[in-house]
Amino acid sequence: NATLTINLNVTPSTAATVSAPTLYVIAGTTNSTSFNISNTGNTDLNDITITIGSVSGVGANMTATLSSSSTTIAYQNSKLINATISAPLNQTAGAYSAKINVTYGADKSTSSTLTVSVLAASRALTATAASATWVRGISTSAAANTTITNTGNLNISDITISVPDLYNGI
């Protein structure tokens, strides 16, 4: 009988990647997207710190926040983190960016650029109404359905519909 003994020396290796997509936000609104941090090393990643830099670009005046600023990721796993951008109503439409930084271990880091595409705010409505028949001396009222459609890219509330005095002069 023979015995074979193999001694393995495994050196833990920490590595991570981060990938950030493009985030579209309409001026005057807030929008969020998720980005992925993957553990590509051969050991768990503990004490991960995540930061997002200021949104940059000509005339950038936006705020950026993250759903989490620290996390842990087990070996061969990943974690989604949300980034939220708020663009003021007067933010110029165009392309901007914010750097996402991920640090882990004693001295390792990786980063990715979140592209922020700001779209101009558009408030627009269309109205279509059916006709109604009212006969003087016979009808006491008339009704017609009106459809209001938001054709812009912003939510609109508190819509007021005015009907002119149709009986004036009759």
Side-chain angles (χ1 to χ4, degrees), residues 16-40 48-74 77-103 110-170:
T17 60
V18 59
S19 58
T22 297
L23 173 63
Y24 295 91
V25 62
I26 299 167
T29 67
T30 298
N31 200 9
S32 298
T33 189
S34 296
F35 62 91
N36 196 43
I37 302 173
S38 298
N39 180 346
T40 57
I48 298 170
T49 302
I50 310 139
T51 59
I52 188 166
S54 297
V55 180
S56 61
V58 176
N61 187 26
M62 293 171 268
T63 58
T65 58
L66 296 173
S67 61
S68 178
S69 61
S70 64
T71 191
T72 60
I73 303 174
N77 281 285
S78 61
K79 184 154 292 187
L80 286 175
I81 304 292
N82 290 325
T84 301
I85 303 291
S86 295
L89 187 58
N90 63 349
Q91 183 63 60
T92 303
Y96 301 87
S97 62
K99 189 173 182 181
I100 297 170
N101 297 299
V102 176
T103 57
T110 186
S111 65
S112 184
T113 299
L114 174 67
T115 301
V116 179
S117 182
V118 176
L119 307 172
S122 170
R123 291 186 178 167
L125 296 173
T126 59
T128 54
S131 62
T133 303
W134 178 82
V135 180
R136 184 175 180 180
I138 298 174
S139 302
T140 57
S141 64
N145 291 328
T146 300
T147 302
I148 308 294
T149 304
N150 183 350
T151 56
N153 60 10
L154 294 174
N155 292 331
I156 298 175
S157 60
D158 299 328
I159 297 171
T160 302
I161 299 174
S162 299
V163 179
D165 183 2
L166 300 175
Y167 307 108
N168 190 15
I170 297 178

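Every heavy atom of this structure was used, including side-chain atoms; hydrogens, water molecules and symmetry mates were not.
- With no hydrogens or angles considered, a side-chain donor-acceptor pair links S97 and S56 at under 3.5 Å.
- Note that CG of N145 and OG1 of T128 are 10.0 Å apart. Values are rounded to the nearest 0.5 Å.
- At a threshold of 4.5 Å between non-hydrogen side-chain atoms, the residues T29 and L154 count as touching.
- I81 and S67 make their closest contact through CG2-OG, 3.7 Å (heavy atoms, listed as atom of the first residue, atom of the second, distance).
- Put simply, CZ on R123 and CG on N155 are 10.0 Å apart, with the number rounded to the nearest 0.5 Å.
- In this structure, OG1 on T49 lies 10.5 Å from CG on N101, to the nearest 0.5 angstrom.
- For the residue pair K79/T71, the side-chain donor-acceptor check at 3.5 Å is satisfied.
- In terms of heavy atoms, T146 sits closest to A127 at CG2-CB, 4.5 Å.
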Could you check I159 against I148 for side chain to side chain contact (heavy atoms under 4.5 Å, CB included), going step by step and ending with a plain yes or no? CA-CA 9 Å; I159 297 171; I148 308 294; 4.2 Å; yes

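- Among all heavy-atom pairs drawn from A64 and G53, the shortest one is CB-O, 4.3 Å.
- Side chain to side chain, S32 and N82 fail the donor-acceptor criterion of an N or O pair below 3.5 Å.
- Closest approach of K99 and S111 over heavy atoms only: CE-OG, 3.2 Å.
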Go through it in stages, so that I can follow the logic: the residues are T33 and L114, the test is side chain to side chain contact (heavy atoms under 4.5 Å, CB included), and I'd like the CA-CA distance, side-chain angles, deciding distance and then a yes or no. CA-CA 10 Å; T33 189; L114 174 67; 3.9 Å; yes

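- Checked by atom type and distance alone, the side chain of Q91 pairs as donor or acceptor with a backbone atom of G59 at under 3.5 Å.
- Taking CG from L66 and OG1 from T84, the interatomic distance works out to 8.0 Å, rounded to the nearest 0.5 Å.
- Across every non-hydrogen atom of A93 and A120, the tightest pair is CB-N, 3.7 Å.
- Judged by distance alone, the side chain of N90 and the main-chain N or O of G28 form no donor-acceptor pair under 3.5 Å.
- Rounding to the nearest 0.5 angstrom, the gap separating the CD1 atom in I52 from the OG atom in S69 is 12.5 Å.
- Side-chain contact between N31 and I85: absent, with no pair of heavy atoms (C-beta onward) separated by less than 4.5 Å.
- Note that OG of S78 is 4.0 Å distant from CG of N36, once rounded to the nearest 0.5 Å.
- For the side chain to side chain contact (heavy atoms under 4.5 Å, CB included) with S86, the lone residue among T65, V55, N61, T30 that qualifies is T30.
- For the side chain to side chain contact (heavy atoms under 4.5 Å, CB included) with N39, the qualifying choice from I73, T17, I48 is I73, the only one to do so.
- Between L125 and I156 the shortest side-chain heavy-atom distance falls below 4.5 Å.
- Residues V118 and V116 are in side-chain contact: their nearest non-hydrogen atoms beyond the backbone lie under 4.5 Å apart.
- Residues T126 and T147 fail the side-chain proximity criterion, which asks for heavy atoms closer than 4.5 Å.
- F35 and S19 make their closest contact through CB-O, 3.1 Å (heavy atoms, listed as atom of the first residue, atom of the second, distance).
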